[in-house]
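As structure tokens, the structure follows; a few thoughts come after it.
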2 protein chains.
Amino acid sequence: MRADARRNLGKIVAAAAEVVAERGVNAPMEAIAKRAGVGVGTLYRRFPDRDALIAAVGDHYIHTMAQALDTASRTSADAWSAIWDFVSWAAAPGRAALSTALAVLPEEVIVERAEFARIRDEWVAQLAELVRRAQAEGSMRPDVGVDDLLHLLNVFTCHPDKLPAPVAADPGRYLRLMLDGMKASAATPAGA
Amino acid sequence: MRADARRNLGKIVAAAAEVVAERGVNAPMEAIAKRAGVGVGTLYRRFPDRDALIAAVGDHYIHTMAQALDTASRTSADAWSAIWDFVSWAAAPGRAALSTALAVLPEEVIVERAEFARIRDEWVAQLAELVRRAQAEGSMRPDVGVDDLLHLLNVFTCHPDKLPAPVAADPGRYLRLMLDGMKASAATPAGA
DNA sequence: AGGCAACCGGAATCCAAGATTCCACTTATC
DNA sequence: GATAAGTGGAATCTTGGATTCCGGTTGCCT
């Protein structure tokens, strides 16, 4: 592969990551191309189609994400604050969509990407474990689960263009509100 | 207007309300037509375009909504439970999208619909008042506002097709989680 | 019953937004 | 300098609706 080509490949994946993070998983190819300072044609010479490109972004990102979760769970005093820190990290500007899109959405795209699926599953399992611990510690209410966490992460980050502007601008704020609602002490007894 | 035509008009608005409630504000005309047991052409004979139809649904619904808020605030012991009841009502299956779409989204469609705008504004003001009271009572945290409430209502009900299935199936559950997070007692101090 | 304007259904048409393809033109590399 | 790898981006193809049109029906009045 020619040197300039390799360079472009890098710019493309990086640009795709950025654009996906801010415009959601359905960001148009052209937006990515423009961000990378490259023609659409160039994207297609390297990736057979849109899905392949997104998947590549995933491969590139899933590691970072797994690592962030790991860090959060290692540097936090308890499971609850690990979750809190991680969610804050995941919703930070500049990475929003990625974090979660990859964790919940693309079941079709994933087939045949054993490596990606493996890390993703490990990651989810680790988060689940944190939830379990937080509940055992009595800091998280027992009537919610990892799935809720993932769904919400998904809701607030996957389709920024469908969200009210203020929400899209700071999904973290709303996610933290959700987390506050997930604290054991916040639970409103059923039928209230 | 011929009798059968009037009958159809009714079926159309009712069908539109249902479909919008379950598929979001962007439900396709054809879906509405089918639900009403009528051809698309018929929709267009009565309404110049899509927006007009949606607006009609709004007129038909905003009253119900205003009334629900009124009831909630009159039958509840305190401002907080009024809010709680109203949100639960608004997110109930079968009315989801309507409730909120009309409260936040369509600023362009509303021009020239003085009556609709008036009721809508009154309605929002009333909800705002409840929020103020709840905060004064010390039951709702002071760092959130009506806007947050409206945005979230919006997020969880306007585009059901973009939400993870479990969330779309029961937006109320997640909204109540949010409300729990909005309780004064749930607030996590900034910088935690 | 007869006539006709008001109505209908829904296929045909129009559009917008993106994905994907293609190829004449550049540029690393040897 | 030759040439295969690489490039930009206009042209083309798809998709998902909105909107238009018109031959065929019906209510309703006399």
Side-chain angles (χ1 to χ4, degrees), chain A residues 1-58 97 101 105-106 108-109 158-163, chain B residues 1-58 97 101 105-106 108-109 158-163:
Chain A
M1 177 156 41
R2 244 165 64 176
D4 57 341
R6 192 189 329 290
R7 196 167 28 243
N8 274 340
L9 180 53
K11 284 196 292 183
I12 290 172
V13 177
E18 279 182 36
V19 174
V20 168
E22 60 197 45
R23 311 224 327 196
V25 231
N26 296 113
M29 289 301 252
E30 200 178 339
I32 295 173
K34 190 176 305 175
R35 180 73 61 102
V38 131
V40 259
T42 303
L43 305 202
Y44 284 92
R45 192 157 328 84
R46 234 35 95 177
F47 301 95
D49 58 25
R50 176 200 175 58
D51 286 344
L53 172 54
I54 300 299
V57 173
L105 278 184
E108 328 86 47
V109 189
C158 285
H159 300 288
D161 52 326
K162 299 295 181 194
L163 298 174
Chain B
M1 174 154 38
R2 245 166 60 175
D4 57 340
R6 192 189 327 290
R7 197 164 340 118
N8 273 341
L9 181 54
K11 285 196 291 182
I12 289 171
V13 178
E18 279 182 35
V19 175
V20 168
E22 60 196 45
R23 311 223 329 197
V25 232
N26 295 113
M29 290 301 251
E30 199 178 340
I32 296 174
K34 190 175 305 176
R35 179 73 62 103
V38 132
V40 260
T42 303
L43 305 202
Y44 283 92
R45 192 155 328 86
R46 232 37 93 176
F47 302 95
D49 58 24
R50 176 201 176 56
D51 286 344
L53 172 54
I54 300 300
V57 173
L105 278 184
E108 330 84 48
V109 189
C158 285
H159 300 289
D161 53 325
K162 300 294 181 196
L163 298 175

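We name chains A, B, ... by the order of the sequence lines, and we start the count at 1 in each one.
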Tell me, do B:R35 and B:R23 make a side-chain contact under 4.5 Å, heavy atoms counted? no
Specify the residue among B:G41 and B:M1 whose closest nucleotide of DNA chain C lies further upstream toward the 5′ end. B:M1
First of A:G37 and B:D49 reached from the 5' end of DNA chain D, by closest nucleotide: A:G37
Under 3.5 Å, is there a donor-acceptor pair between the side chain of A:N8 and the main chain of A:K11? no
Strictly distance-based, threshold 3.5 Å: is any side-chain N or O of A:D49 a donor or acceptor partner for the main-chain N or O of A:A52? yes
Quick check: closest heavy atoms across B:G39 and B:A33, and the distance to 0.1 Å? C-CB, 4.0 Å
To the nearest angstrom, how far is B:N26 atom CG from D:dT15 atom P? 21 Å
Over how many whole Å does the gap from A:L43 atom CG to C:dA19 atom P extend? 10 Å
Mind checking A:R7 for me? I need base, sugar-phosphate or nothing, with any heavy atom below 4.0 Å counting as a touch. nothing
Using whole Å, what does the distance between atom P of nucleotide C:dA19 and atom CG of A:D51 come to? 10 Å
Measure from the side chain of B:V40, starting at C-beta and using heavy atoms only, and say which of D:dT19, D:dG27, D:dG9 lies closest. D:dT19
Between A:L53 (CG) and C:dT20 (C1'), how many Å, whole number? 13 Å
Rounded interatomic separation in angstrom, taking CZ from B:R23 and P from D:dG16: 12 Å
Respond yes when some side-chain nitrogen or oxygen of B:Y44 is under 4.0 Å from OP1 or OP2 of D:dT19, and no when none is. yes
So, under a plain 3.5 Å distance rule, would you say the side chain of B:R2 forms a donor-acceptor pair with the base of C:dA6? yes
A:R50 has its side chain closest, among D:dT20, C:dT20, D:dA18, to C:dT20
Hey, which of these two, B:A27 or A:T42, hits DNA chain D nearer its 5' end, going by closest nucleotide? A:T42
Measure from the side chain of A:A3, starting at C-beta and using heavy atoms only, and say which of C:dT29, D:dT20, D:dA18 lies closest. C:dT29
If you only use heavy atoms from C-beta on, which nucleotide in C:dT20, D:dT20, C:dG9 is closest to the side chain of B:R45? C:dG9
Counting heavy atoms from C-beta on, name the nucleotide in D:dA18, C:dG9, C:dA19 closest to the side chain of A:M29. C:dA19
Once you round it to whole Å, what is the distance between C1' of D:dA5 and CG of A:L9? 14 Å
A side-chain contact here means heavy atoms from C-beta on lying under 4.5 Å apart; do A:L53 and A:I12 qualify? yes
In whole angstrom, what separates B:I12's CD1 from C:dG10's C1'? 14 Å
Roughly, in whole Å, what's the span from CD1 in A:I32 to P in C:dG18? 12 Å
Base, sugar-phosphate or nothing for A:R46? Non-hydrogen atoms, less than 4.0 Å. sugar-phosphate
Side chains of B:H159 and A:H159: closer than 4.5 Å at any heavy-atom pair? no
Between B:N8 and C:dC8, is there a side-chain N or O to OP1/OP2 distance below 4.0 Å? yes
